[in-house]
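When reading the values below, keep in mind they use all heavy atoms of this one structure, side chains included, and skip hydrogens, waters and symmetry mates. Naming convention: chains lettered A, B, ... in sequence-line order (proteins, then strands); numbering from 1 in each chain.
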Amino acid sequence: MELRYSPADIETKWQQYWADHKLNKTPEGITNGSQTEGSPKNAKKFYALSMFPYPSGDLHMGHVRNYTITDVIARVRRMQGYQVLHPMGWDAFGLPAENAAIKRGVPPADWTLKNISQMREQLKALGLSYDWDREVATCLPNYYRWTQWIFLQFFEAGLAYQKEAAVNWDPIDQTVLANEQVDSEGRSWRSGAKVERKLLRQWFFKITAYAEQLLNDLDQLSGWPERVKTMQANWIGKSTGAQVTFKTEAGEDLVIYTTRPDTLWGATFMVLAPEHPLVASLTSATQADLIEAYQAAAANLSTIDRTAEGREKTGVWTGGYAVNPVNGEKIPVWVADYVMMDYGTGAIMAVPAHDQRDFEFARKFDLPIKAVVQPEDEAAGEAAGEAASETIAEDKMTAAYLHDGVMVHSGPLNGVASGKGEGESVQRAIAYLEEKSLGHGTTNYRLRDWLVSRQRYWGAPIPIIHCPHCGTVPVPEKDLPVKLPENVEFSGKGASPLAKVEDWVNVSCPSCGAAAKRETDTMDTFLDSSWYFLRYADANNEEAVFSSERVNSWLPVDQYVGGIEHAILHLLYSRFFTKVLRDRNLLNFDEPFQRLLTQGMVQAITYKNAEGQFIMPQDITDLNSPTDPVTGERLQVSFEKMSKSKFNGVPPSEVLAKYGADTARMFILFKAPPEKDLEWDDADVEGQFRFLNRVWRAVAGFAQSDSVSLVKQIKDIQSQSLSKEDKALRKATHTAIKEITEDIEGDYQFNTAVSELMKLSNALNDAKNKTTLAFAEGICTLVLLIAPFAPHIADELWSHLGEGSVHQQPWPSVDNTALVADEITLVVQIMGKTRGTLQVPAAADKAALERYARESEVAQRYLEGKEIKKVIVVPGKLVNFVAV
RNA sequence: GGGGGCGUGGCGGAAUGGUAGACGCUGCGGAUUUAAAAUCCGUUGACUGUAAAAGUCGUGGGGGUUCAAGUCCCCCCGCCCCCA
């Protein structure tokens with residue numbers, strides 16, 4: 001055995017061994033009455049999953065971190081005797097492939113498949129324990145056939161529909177986007193372009209039908225980070241309130257939605273969205289031109305622009321009025337773009353005294369303000385930062401009054417406490433409205449239906465045929481998949497490239513046989529990724545989307561790992577799909593991902609000049625005191641997410657070539673807790689490499705000594721009969737087992753798990769006698785414990801110690817007798833301050849501990865001349881004297 | 001404005017209410033070496049102090065609970081994320 005650790009010599013060897021011996025194959029059950037092949041029925045199962053990557057062609061450090069985390073979990077579970085499903089695949093549809101086709105003329109399929117095989121090799125080089133037999137790629141017909149099939153399930157269930165709507169248009173990618181795919185600044189999640197508004201006929205999925213479930217079932221997700229659940233809840237945006245029917249002068253019903261029906265008596269005007277259907281009939285002849293111009297201007301603005309806080313309010317009076325049903329007051333109806341047609345009813349009553357946006361609008365257009373909530377007393381008014389007088393003076397208000405108080409000028413609500421609680425104003429108002437048949441309590445969601453069609457080529461074609469006679473006809477199941485044609489021209493402009501492929505578009509109607517046309521839009525790639533985790537359970541099924549039995553036995557995913565950027569998008573869509581497929585009786589669980597870990601970013605150091613430009617490190621003379629190569633000014637140093645544009649990317653291939661996969665894995669796990677951002681540091685990588693070298697030398701030294709024969713006797717070891725030193729070593733060994741097992745089974749504290757490996761390694765190196773049974777046990781345990789983290793070196797070392805692959809050995813178990821110490825360190829405190837420690841027998845009882853402490857030199861010194869008031873004895877820990 | 005998270009040495013980070021800073025990196029000193037790399041040993045919160053000791057302060061700031069607070073409670077400051 002080599003005394004020098006050389007990862008290049010062992011890593012590919014073991015990767016080949018694992019593949020040859022099918023170590024990572026998902027266990028297959030036995031086919032009999034109750035069990036289906038491929039389903040984990042008897043044993044405990046564990047489904048470990050990383051979010052699958054887009055095959056860009058190159059693995060980056062974020063991937064390495066994500067997959068290493070899941071791999072450690074999968075490997076530990078296997079050693080613990082679980083049946084493990086740990087698959088990998090490709091989120092392979094998407095725009096980069098199409099852009100490559102436009103730029104370089106490479107067919108998207110070729111480009112994608114080449115990238116996949118390249119990245120697959122990179123993944124294999126990391127020693128990730130995937131069952132490659134279950135690999136999926138969403139761009140292959142044997143996968144997207146079933147994506148199309150699922151689309152038809154949605155269609156059949158009435159959850160997929162077409163409608164004409166003002167949608168988000170990405171001018172760079174030349175396609176529409178769902179609301180979730182536009183950030184808070186109105187930019188595309190992919191291209192970063194400012195999205196535009198366009199009126200288009202598009203396909204939608206009725207995710208709003210599941211809004212309530214998607215919100216409520218968040219409670220089931222105890223293994224999810226709180227902030228992800230909060231983000232989803234915010235996105236769904238449930239609000240409760242009431243719909244109230246006003247009457248226009250012409251006698252038409254004008255229904256508004258409000259979360260504060262109790263303030264109805266304070267409504268002084270109304271506002272309609274520019275798109276509201278009643279605008280035309282309400283508009284007077286004199287206002288018509290102004291209104292039309294305003295509508296035209298609003299049509300070009302995105303939701304984000306229209307609702308931005310602090311934006312100057314705009315609006316136009318229609319010239320019309322409506323009647324407030326609770327008090328018969330006639331109030332003017334305005335049109336303004338801060339009211340959205342697709343939220344609530346597209347119409348609001350404006351209560352400027354108690355709504356900030358209404359307040360700003362009223363002040364700008366000099367509309368009346370009427371307060372109907374008054375602070376309960378002066379103190380409340382002052383505390384709230386409002387007018388200090390007992391009553392709010394409408395003419396002096398500088399902001400809407402949003403705090404609690406008492407209802408006034410509100411007919412039946414006068415004197416009632418304002419608020420949403422039991423018996424408070426909001427509930428009383430709803431009861432009143434319902435009693436008088438003026439309105440009713442209702443619930444509203446911010447969540448909108450999911451726009452799923454895209455005007456691009458490289459996606460799953462929507463399996464629909466448009467027939468002039470039969471209308472929208474689903475492609476019959478037997479005709480799936482609707483394959484993407486290959487003879488396509490890519491221009492990157494205008495409609496979907498599919499529209500120009502005549503022989504593909506023109507088909508006969510499956511229903512009546514007449515000449516008809518295929519739908520030329522493809523599906524949002526988020527559909528592909530909303531069910532891939534189900535397909536892994538039965539990845540090679542040619543007959544069905546999956547066997548329900550297999551899916552029900554493997555799912556839910558026990559541990560899902562991915563980036564926080566999918567907190568809403570992918571995770572919300574996947575939850576929605578799961579619920580719909582459950583309601584189609586295809587599976588029997590509510591939530592797809594039991595536990596979720598959102599790993600932090602991988603960052604590296606960047607240098608920025610005063611203009612905010614990133615400077616390449618190789619242009620900087622002295623990295624310890626970096627200055628601008630041109631101006632000589634001091635550069636700003638910070639850690640940012642790795643990227644080419646910031647000149648701080650570290651390609652995984654470089655690290656693998658220099659140190660090997662095991663070092664890369666260990667470094668990434670050790671450097672930071674998984675959910676926190678990780679700062680790349682070459683010196684720390686070096687440190688990990690040194691650590692693996694120490695492990696190698698320690699084990700190699702032992703394996704070459706005569707003591708290696710002791711390995712067979714380890715199972716007979718008994719702490720009781722050992723020397724003091726061996727006992728201590730054995731305690732270190734079993735402490736490591738205990739701590740590492742707990743770190744992994746608990747909150748995935750890989751950083752502390754690795755530090756425990758280091759402690760054990762240190763204890764072994766410090767051992768004076770390296771020929772003992774306790775030492776042999778320590779060495780073998782170290783190799784077993786390090787196996788999930790650094791799988792190659794562990795297998796190489798194990799091959800010199802034991803039989804078979806280390807990854808097929810059982811995870812070590814703690815011998816509690818080894819953890820018992822003969823002596824403990826007793827802390828002596830005086831008045832709560834630690835003054836010293838002493839070694840005492842572990843078996844000492846409270847009285848004995850107090851006696852030891854009292855007689856100790858430190859206590860004598862500190863307690864001299866003082867009176868002991870009280871003694872606190874914490875067994876096994878400390879004695880504290882309270883003395884004056 | 002609302003919600004969530006965070007604040008600990010030169011750095012990354014550890015600490016069931018019980019010795020703060022585990023483990024690692026960096027720095028410093030030393031051994032080995034013709035020299036270097038590699039390796040090994042020691043040291044590395046601040047301050048006071050010494051021959052050796054020993055002591056004081058210290059987990060963003062201020063208060064509180066407790067024999068004992070990084071940890072629990074109240075107020076404040078700063079940073080990050082999400083939603084408006």
Assess whether ring pair (Phe, Tyr, Trp, His ring centres under 6.0 Å) is satisfied between A/Phe789 and A/Phe670, documenting all intermediate values.
CA-CA 10 Å; A/Phe789 301 86; A/Phe670 178 63; over 10 Å; no
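Applying the side chain to side chain donor-acceptor pair (under 3.5 Å) definition to pairs two or more places apart or across chains, those involving residues 661-676 of chain A are A/Asp71-A/Arg665, A/Asp662-A/His792, A/Lys671-A/Asp684.
Atom P of nucleotide B/rC23 and atom CZ of A/Phe670 are separated by 10 Å, given to the nearest angstrom. Rounding to whole angstrom units, CD1 of residue A/Ile236 and P of B/rC82 are separated by 18 Å. The NZ atom of A/Lys759 sits 6 Å away from the C1' atom of B/rC23 (whole-angstrom rounding). Between the CZ atom of A/Phe750 and the C1' atom of B/rG13 there is a distance of 16 Å, given to the nearest Å. The nearest whole Å value for the distance from the CD1 atom in A/Ile564 to the P atom in B/rC6 is 13 Å. Across the protein-nucleic acid pair, A/Lys833 atom NZ and B/rG55 atom P stand 12 Å apart, rounded to whole Å. Atom CZ of A/Arg694 is separated from atom C1' of B/rC40 by 11 Å (rounded to the nearest Å). Atom CG in A/Leu218 sits roughly 15 Å away from atom P in B/rG4 (whole-Å rounding).
When each of A/Asp677 and A/Asn234 is assigned the nucleotide of RNA chain B bearing its nearest heavy atom, the one mapping closer to the 5' terminus is A/Asp677.
Nucleic acid contact class of A/Asn693 (heavy atoms, under 4.0 Å, all strands): none. Using a 4.0 Å heavy-atom criterion, one finds that A/Arg4 contacts no nucleic acid atom at all. Counting non-hydrogen atoms under 4.0 angstrom, A/Tyr862 reaches the backbone sugars and phosphates but no base.
Residues that satisfy the ring-ring contact (aromatic ring centres under 6.0 Å, His included) test with A/Phe361, not counting sequence neighbours, are A/Phe269, A/Trp334, A/Tyr338, A/Phe365. Listed by chain and residue number, nothing satisfies the ring-ring contact (aromatic ring centres under 6.0 Å, His included) test with A/Tyr852 (two or more places apart in sequence, or in another chain). The side chain to side chain contact (heavy atoms under 4.5 Å, CB included) check on A/Lys870 picks up A/Ile872, A/Val882, with sequence neighbours excluded. Under the side chain to side chain contact (heavy atoms under 4.5 Å, CB included) criterion, A/Glu565 pairs with no residue, sequence neighbours left out. Every residue two or more places apart in sequence or in another chain that forms a ring-ring contact (aromatic ring centres under 6.0 Å, His included) with A/Phe576 is listed here: A/Phe154, A/Tyr210. Taking A/Glu654 as the reference, nothing meets the side chain to side chain donor-acceptor pair (under 3.5 Å) condition, with sequence neighbours excluded. The ring-ring contact (aromatic ring centres under 6.0 Å, His included) test applied to A/Trp224 returns no partner, not counting sequence neighbours. For A/Asn751, there are no side chain to side chain donor-acceptor pair (under 3.5 Å) partners, not counting sequence neighbours.
In this structure B/rA35 sits in no base pair that meets the Watson-Crick or G-U test at under 3.5 Å. Nucleotide B/rC6 forms a pair with B/rG78, judged by Watson-Crick or G-U wobble geometry with both contacts under 3.5 Å. Base pairing analysis places B/rC72 opposite B/rG64; the two distances defining the Watson-Crick or G-U wobble pair are each below 3.5 Å. When Watson-Crick and G-U wobble pairs are counted only if both distances are under 3.5 Å, B/rU48 pairs with B/rA54. Both distances falling under 3.5 Å, in either a Watson-Crick or a G-U wobble arrangement, place B/rG42 opposite B/rC28. Nucleotide B/rG1 is matched to B/rC83 when pairs are restricted to Watson-Crick or G-U wobble geometry with both distances under 3.5 angstrom.
Distances were taken from every side-chain heavy atom of A/Arg227 (C-beta onward) to each of B/rG24, B/rC81, B/rC40; the shortest belongs to B/rC81. When each of B/rC23, B/rG3, B/rC83 is scored by its nearest atom to the side-chain atoms of A/Trp235, the top-ranked nucleotide is B/rC83.
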Dump the pairs, protein N or O against N or O of nucleotides 14-20 of chain B, anything under 3.5 Å, distances to one decimal.
residue: B/rA14; atom: OP1; partner: A/Asn751; partner atom: ND2; Å: 3.0
residue: B/rU16; atom: O4; partner: A/Lys877; partner atom: NZ; Å: 2.7
residue: B/rG18; atom: N2; partner: A/Gln829; partner atom: OE1; Å: 3.0

Using atom names, set out every protein N or O paired with an N or O of nucleotides 47-51 of chain B below 3.5 Å, distance rounded to 0.1 Å.
none

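The shortest distance between the side-chain N/O atoms of A/Lys870 and the OP1/OP2 oxygens of B/rC67 is below 4.0 Å. OP1 and OP2 of B/rU39 both lie 4.0 Å or more from every side-chain N or O belonging to A/Tyr5. Distances shorter than 4.0 Å separate none of the side-chain N or O atoms of A/Arg690 from OP1 or OP2 on B/rG24.
B/rG29 and B/rC81 have their C1' atoms separated by 45 Å, given to the nearest Å. Comparing B/rG24 with B/rU43, their C1' atoms are spaced 16 Å from each other, to the whole Å. Comparing the C1' positions of B/rA22 and B/rG13 gives a spacing of 10 Å, expressed to the nearest Å. Nucleotides B/rG27 and B/rC11 have their C1' atoms positioned 11 Å apart, rounded to a whole Å. B/rG64 and B/rG17 have their C1' atoms separated by 16 Å, given to the nearest Å. Across the P atoms, B/rC75 and B/rG2 are found 13 Å apart, a figure rounded to whole Å. Across B/rG60 and B/rG70, the matching C1' atoms stand 12 Å from one another, rounded to whole Å. Using C1' as the reference atom, B/rG1 and B/rU71 are 31 Å apart when rounded to the nearest Å.
Annotation: proximity of residues 839-858 of chain A to RNA chain B (heavy atom, distance under 4.0 Å) is found for no residue.
Side-chain contact annotation: A/Asn648 with A/Thr606, donor-acceptor N/O pair under 3.5 Å absent. Side chains of A/Thr208 and A/Asp449: a donor-acceptor N/O pair is present below 3.5 angstrom, by distance only.
The ring-ring contact (aromatic ring centres under 6.0 Å, His included) test with A/Phe667 is passed by exactly one of A/Phe691, A/Tyr659, A/Trp680: A/Trp680.
When all heavy atoms are compared, the tightest approach of A/Lys194 to A/Arg187 is N-NH1, 4.0 Å.
In this structure, B/rG55 is classed as anti because its glycosidic torsion departs from zero by more than 90°.
Between A/His570 and A/His566, the ring planes are perpendicular. Angles over 60° get that label, and only those under 30° would be called parallel.
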